[in-house]
Amino acid sequence: MLTKKQTQVLDFIKAYMAKHSYAPSLEEIKKKFKLASVSTSHYYISKLQDAGFLNKEHNQPRAVSTVEAKQMIEIPILGAIAAGQPIEAMEISDETITIAKDEIGKQGKHYALRVQGSSMIDEGIFDGDIVVIRKQEVAENGQTVVAVIDDNQATLKKLYRENGKFRLQPANPTLFPIYRDEVEVRGVVVKIIRNLESQLDQGQSRDEKYVRKIDYSWDYRGEKTKSHTHGIHTYPAMFIPQVGRRLLETYSKEGDTICDIFCGSGSALVESRLIGRNAYGIDLNPLAIFLAKAKTTPINPQKLTKEYIALLSRVEKIKDNEIKRPDFKNIDFWFKDKVIVKLAKLKKAIREIKDETIQNFLMVAFSETVRYSSNTKTGEFKLVRVKGEKLEKHDPDVLGIFRKNAEKNIAGMTAFYKDAKKDTWTKIIYGDSSKDSGIKANSIDCIITSPPYGDSRTTVAYGQFSRLSAQWIDVFDDPNDASAVDNNLLGGRASKNLTHILSSDYLKESLEKIAKQDEARARDVLSFNIGLNECLKQAHRVLKPKKYFCLVVGNRLVKQVRIPTDFIIAELAEKIGFTCEDIIVRNIPGKRMPIKNSPTNIVGALEETMNKESIVVLRKN
């Protein structure tokens, strides 16, 4: 089904192509329809591609073309359905939608309903959406149905049969299920038509200066996120490549120079090379810098495989008295003695490789082997030692773990070597994004980044996550310095008081609420935002005028106070010289980060951190 606006965009593209023999740019579509930003143009293009009306043309500057129209059918919209409390079932057929027949299947009769309420949001069904229903009187457990109860009251819920009753289950954790002895099923949902234009997050700003648009096409739930070199090493809160690529394609063009000021392990940098952008990456975590360089440096897979095979042969011949045992604090606490010996042999064999790029690439697999061979809970971000019987039974196959990771990584590098654009470059800078990193003023075409959600001590402990690996792979002159990483990251040292000059009413309000409960935590939050403001200033310095700065951020919960980081960034940025053009909300379906953390030092007390994030789109004035 095409909405009225989608049809208008498609007609404009067809007319434009008939006149010019190529498609209009996203900026031209934005101007034609007076859209808020080019990301909205991208949304319409994506919808037309998903519906089969446009083709994606790879490696072309205006990369779409029209296709022959699909077989379309008209479906009546019979009124509204409650995704909340049941409402009276009424059929008023005064409107239709047009939809491609192959989107809903060839069998059965269909009708459509407009959704009212938010009880099915976790199924991706939101207030204002249209659901297409296939008429049927029976449904399987777990299907989303139109159910009629209590003498003609209709509701949209998931249906379950249990203990001789029917359970109508909302997909919203704040709502309770409905139980009935009898339920009349009037159909099953077969398609959801997203109504993006009416979707505004309930947490929008008071004065409506800033508005969050919910667009779950940015979720990429179920998509493969470990292609190419993206999956060569675990790292907290990794930027999923689909989001990075979409931002790059929307706000930059081939040949542009990109910058990620919090590059982490390099996800945005990998995507930049794959689609023909040059890129700078900046980070303060030495392990992140090491990983980002390995991920973005193409290596001939034949040479890599040859060195890997030779390495396996060498490591078996290394004797115990030939190794150098690492010396850092608490090594015997985190590793069993025989594991230390096996890791040291493996490290020695890798260090004997003369080609530094190959040596570093295989050291990435070694780094991951360190983590999985240690006495830590590998599912944790912070260093937590396993205990009791689990520790006693812990007997890792060090070489087996390394082989598994190395061979997976070589496969990823093979794909990256093949697909990365050979005429692009990546430069990775170990530095502080709140200070001058050496990048020239007004030299960057687009900045795309995902800052930390808060200080490392209380959110994602990047330093703790990295410590053991960093100590083994020698990214520090003194391996004991690895324990200080978190203190050096954004917000790593709390402010001495709550006095500040930051121009953000949203920050001021949040600090006041948190300080009433815990002034120390409020000072942590302030310190983070002071540092973030300095990063925004540096970003403004290096970005070209009229170019875009995209930040993927989370609105974290501190002391049960939800901090609107997206609005705070918008306020701070506008004082610096940016305009906030868009704030898009997406789910976090699979990001490696804690969904809950400890709000206090009370053992077992947890609070939600975040399961959504905002994409803040700024433009330099």
Side-chain angles (χ1 to χ4, degrees), residues 225 228-241 243-245 247-249 251-252 255-299 357 360-361 363-364 367 412-413 416 420-421 423-441 443-452 460 462-463 465-466 469-470 473 475 485 488-490 531-532 534-536 538-544 547-553:
T225 60
H228 298 92
T229 52
H230 287 297
I232 68 172
H233 196 286
T234 310
Y235 198 75
M238 288 173 69
F239 204 20
I240 71 166
V243 170
R245 177 170 292 213
L247 290 171
L248 287 166
E249 290 179 335
Y251 297 107
S252 71
D256 277 356
T257 298
I258 308 301
C259 185
D260 184 345
I261 62 174
F262 299 99
C263 72
S265 64
S267 297
L269 310 181
V270 171
E271 287 301 305
S272 293
R273 292 213 68 169
L274 290 172
I275 60 172
R277 276 73 163 163
N278 302 311
Y280 287 100
I282 308 171
D283 209 279
L284 252 179
N285 183 354
L287 179 67
I289 293 295
F290 185 84
L291 297 177
K293 286 181 178 178
K295 284 170 118 175
T296 56
T297 303
I299 302 173
T357 58
N360 288 341
F361 186 79
M363 196 59 80
V364 171
S367 170
M413 177 52 73
F416 181 71
K421 300 295 183 281
D423 56 348
T424 60
W425 51 260
T426 304
K427 296 179 182 179
I428 304 190
I429 300 167
Y430 172 56
D432 184 347
S433 292
S434 67
K435 299 178 173 61
D436 188 337
S437 58
I439 299 174
K440 292 181 180 179
S443 66
I444 300 297
D445 295 292
C446 182
I447 301 174
I448 291 174
T449 196
S450 182
V460 179
Y462 292 95
F465 176 86
S466 305
S469 289
I473 67 173
V475 293
V485 168
N488 297 326
L489 300 181
L490 203 60
L532 183 60
E534 293 304 310
C535 294
L536 297 178
Q538 286 299 323
H540 185 271
R541 183 185 70 82
V542 301
L543 188 64
K544 292 178 181 177
K547 297 294 185 177
Y548 288 94
F549 179 15
C550 306
L551 303 96
V552 182
V553 300

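Residue numbers start at 1 and run along the sequence shown. These numbers come from the heavy atoms of this one structure, side chains and all, not from hydrogens, waters or symmetry mates.
The structure places CD1 of I258 at 7.5 Å from CD1 of I275, a figure rounded to the nearest 0.5 Å. For the atom pair NZ of K547 and OG of S443, the computed distance is 12.5 Å after rounding to the nearest 0.5 Å. In this structure, D432 CG and D283 CG are separated by 10.0 Å, a value rounded to the nearest 0.5 Å. Separation of atoms OG (S272) and CH2 (W425) is listed at 10.0 Å; rounding is to 0.5 Å. Here the straight-line distance linking atom NE2 of H228 with atom CD of E271 works out to 7.5 Å at 0.5 Å rounding. Separating the CG atom in D445 from the SG atom in C259 is a distance of 11.0 Å, to the nearest 0.5 Å.
For the pair H230 and T225, the tightest heavy-atom approach, listed with the atom from each and the gap, is CB-O, 3.5 Å. Considering every non-hydrogen atom in both F262 and T449, the closest pair reads N-OG1, 3.0 Å. G531 and S434 make their closest contact through O-CB, 3.9 Å (heavy atoms, listed as atom of the first residue, atom of the second, distance). Between R541 and I439, the closest heavy-atom pair is NH2-O, 3.0 Å. Here the shortest heavy-atom pairing between D260 and A268 reads OD2-CB, 3.6 Å. I428 approaches L269 most closely through the heavy-atom pair CD1-CD1, 3.9 Å.
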Audit row: V270, F416, side chain to side chain contact (heavy atoms under 4.5 Å, CB included) steps and yes/no: CA-CA 8 Å; V270 171; F416 181 71; 3.9 Å; yes
Starting from the C-alpha separation in whole Å, work towards a yes-or-no answer on side chain to side chain contact (heavy atoms under 4.5 Å, CB included) for T229 and T296. CA-CA 8 Å; T229 52; T296 56; over 6 Å; no
Determine whether S450 and M238 satisfy the following criterion, side chain to side chain contact (heavy atoms under 4.5 Å, CB included), listing intermediate values before the conclusion. CA-CA 9 Å; S450 182; M238 288 173 69; over 6 Å; no
Show, in sequence, the C-alpha distance, side-chain angles and deciding distance for D436 and Q538, and conclude whether the side chain to side chain contact (heavy atoms under 4.5 Å, CB included) test is met. CA-CA 7 Å; D436 188 337; Q538 286 299 323; 4.2 Å; yes
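Under the 3.5 Å distance criterion, the side-chain polar atoms of R273 are left unmatched by any main-chain donor or acceptor of T426. Remark: the backbone N or O of I444 is not paired with any side-chain donor or acceptor of K544 at under 3.5 angstrom. With S437 contributing its side chain and S433 its backbone, the two residues share no donor-acceptor pair below 3.5 Å. No side-chain donor-acceptor contact under 3.5 Å links T257 to the backbone of N278.
A 4.5 Å side-chain heavy-atom check between V542 and Y280 finds every atom pair outside the cut-off. Taking the side chain as every heavy atom from C-beta outward, D256 and C446 never approach each other to under 4.5 Å. For the pair P451 and L551, the minimum side-chain heavy-atom distance is below 4.5 Å. No side-chain heavy atom of L247 sits less than 4.5 Å from a side-chain heavy atom of Y548. Side chains of Y430 and V475 form no contact here, defined as non-hydrogen atoms less than 4.5 Å apart. Counting heavy atoms from C-beta on, the side chains of I448 and Y251 never come closer than 4.5 Å.
Side-chain atoms of H233 and S265 include no donor-acceptor pair closer than 3.5 Å.
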